[in-house]
There are 2 protein chains.
Amino acid sequence: MTVKRAAVLQVLRDSQGHLQPDEIYRRAKELYPGMVLATVYNNLHALCEAGLIRRIRTADGADYYDKTPTPHEHAVCTECGMMLDLELGDLHTAFSKKTDLPILSYDLIVHTVCPDCKAKQKQA
Amino acid sequence: MTVKRAAVLQVLRDSQGHLQPDEIYRRAKELYPGMVLATVYNNLHALCEAGLIRRIRTADGADYYDKTPTPHEHAVCTECGMMLDLELGDLHTAFSKKTDLPILSYDLIVHTVCPDCKAKQKQA
DNA sequence: AATCATTTTAGAACAATTCTATTTTGGAGG
DNA sequence: CCTCCAAAATAGAATTGTTCTAAAATGATT
């Protein structure tokens with residue numbers, strides 16, 4: 001665990017929980033001006049392998065990193081891109097009841113409007 | 001509906017149901033040697049807008065196009081990449097019971113091993 | 001036959017991520 | 001306190017699927 005790696009982790013832990021690489025880079029660079037995008041990627045990968053964080057890929061190509069590595073689902077706000085945590089219960093079991101195929105894992109992203117954006121919509 | 005567009009649609013309809021753009025391109029070029037990748041993309045977009053096919057984006061960046069536009073879920077074989085249809089029931093309702101956030105839509109891909117690959121695994 | 005929007009085409013552009021090769025770093029052993 | 005070495009960081013190029021741009025072709029409608 002190097003200083004730069006710790007910085008990447010800290011940035012994520014100091015956030016609401018889900019950030020995209022470029023935003024992590026932007027914030028980490030404030031702590032370490034010498035920080036470079038490749039280092040952010042290297043360390044995000046390393047931290048994922050270590051199980052300290054989790055990578056969440058969405059269907060529109062955006063990658064988010066989650067400071068909470070325990071399994072749960074996610075919603076993305078269609079207005080601002082903010083990612084929120086969801087607890088949808090034991091989907092593995094629910095899905096298994098509906099198909100004979102083995103369920104190794106699944107990717108699930110719910111599209112929503114976050115409370116903040118919902119409030120702004122009502123104003124307008 | 002032009003000849004090229006019809007060809008793209010036909011390729012998809014003549015398939016098992018889910019193809020990636022490069023494979024659609026490969027097959028469409030057999031029908032129309034002059035076919036170009038940009039035309040395939042143009043027409044896939046147009047056919048999606050027309051509601052005749054559906055685009056399915058996966059978290060690892062692969063795009064599939066589905067000849068069946070009615071809503072259902074999908075599984076992808078981790079061995080061969082083949083996409084299979086799933087019917088998992090009314091997930092919109094199921095998810096709504098678990099969260100207060102509005103559920104506009106969701107992207108779901110299950111990772112599985114298809115029957116063919118499962119058979120091959122047992123052989124080995 | 002003329003017009004004009006749509007489609008097709010070729011090729012450049014794009015953007016996020018990964019890769020490659022070089023340099024730097026920091027700890028372990030002497 | 002050095003020296004060495006593996007790991008990490010860096011710069012910048014490469015990759016890849018998709019989208020964009022501008023020009024050429026097409027085809028339906030006057």
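The chains referred to below are lettered A, B, ... by the order of the sequence lines, with proteins before strands, and numbering in each begins at 1.
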What I want to find out is whether A:Arg57 reaches B:Asp60 closely enough, with some N-O distance under 4.0 Å, to be called a salt bridge.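 Answer for the salt bridge query: no.
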Under-4.0 Å salt bridge between A:Arg27 and A:Glu30: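 No, no charged N to carboxylate O under 4.0 Å.
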Distance in angstrom units between A:Asn43 CG and D:dA8 P, rounded: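 It works out to 8 Å between those atoms.
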In whole angstroms, how far is the C1' atom of D:dG17 from the OH atom of B:Tyr64?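 Distance, rounded to whole Å: 14 Å.
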Taking any heavy-atom pair under 4.0 Å as a contact, classify A:Thr2: base, sugar-phosphate, or nothing.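 Sugar-phosphate, no base atom in range.
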For A:Arg57, answer base if it contacts any base atom (sugar-phosphate contacts may also be present), sugar-phosphate if it contacts only those atoms, and nothing otherwise; contact means non-hydrogen atoms under 4.0 Å.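 Touches nothing.
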Any heavy-atom pair between the side chains of B:Val110 and A:His92 that's under 4.5 Å?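 Of all side-chain heavy-atom pairs linking B:Val110 with A:His92, none is under 4.5 Å.
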Rounded to the nearest 0.5 Å, what's the gap from CG on B:Asp66 to CD1 on B:Ile56? Could you check?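 So the gap between those two atoms works out to 4.0 Å.
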Could you go step by step and tell me if B:His74 and B:Thr58 meet the side-chain contact (heavy atoms from CB on, under 4.5 Å) rule? CA-CA 10 Å; B:His74 297 96; B:Thr58 71; over 6 Å; no
Provide the start and end nucleotides, 5' to 3', of the part of DNA chain C that has atoms under 4.0 Å from heavy atoms of chain B.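 Extent of the interface on DNA chain C: C:dT7 to C:dA10.
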Using heavy atoms and a sub-4.0 Å distance, could you list which residues of residues 3-24 of chain A are near DNA chain D? By number, please.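 A:Lys4, A:Arg5 - these, ordered by number, are the residues of the stretch whose heavy atoms sit under 4.0 Å from the strand.
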Can you name the one residue among A:Ile103, A:Asp107, A:Leu101 that meets side-chain contact (heavy atoms from CB on, under 4.5 Å) with B:His111?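 Going through A:Ile103, A:Asp107, A:Leu101 one by one, the side-chain contact (heavy atoms from CB on, under 4.5 Å) with B:His111 is satisfied by A:Asp107 alone.
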Main-chain N/O of A:Cys114 paired with A:Thr112 side-chain donor or acceptor, under 3.5 Å: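 No, the answer is negative, given that no donor and acceptor are paired below the 3.5 Å cut-off.
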Look at the side chain of A:Thr39 and the backbone N and O of A:Met35, then say whether any donor-acceptor pair between them is shorter than 3.5 Å.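 Here the side-chain-to-backbone pair does not exist.
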When you check the phosphate oxygens OP1 and OP2 of D:dT18, does a side-chain N or O of B:Tyr41 lie under 4.0 Å from one of them?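 True: B:Tyr41 side-chain N/O within range (under 4.0 Å) of D:dT18 OP1/OP2.
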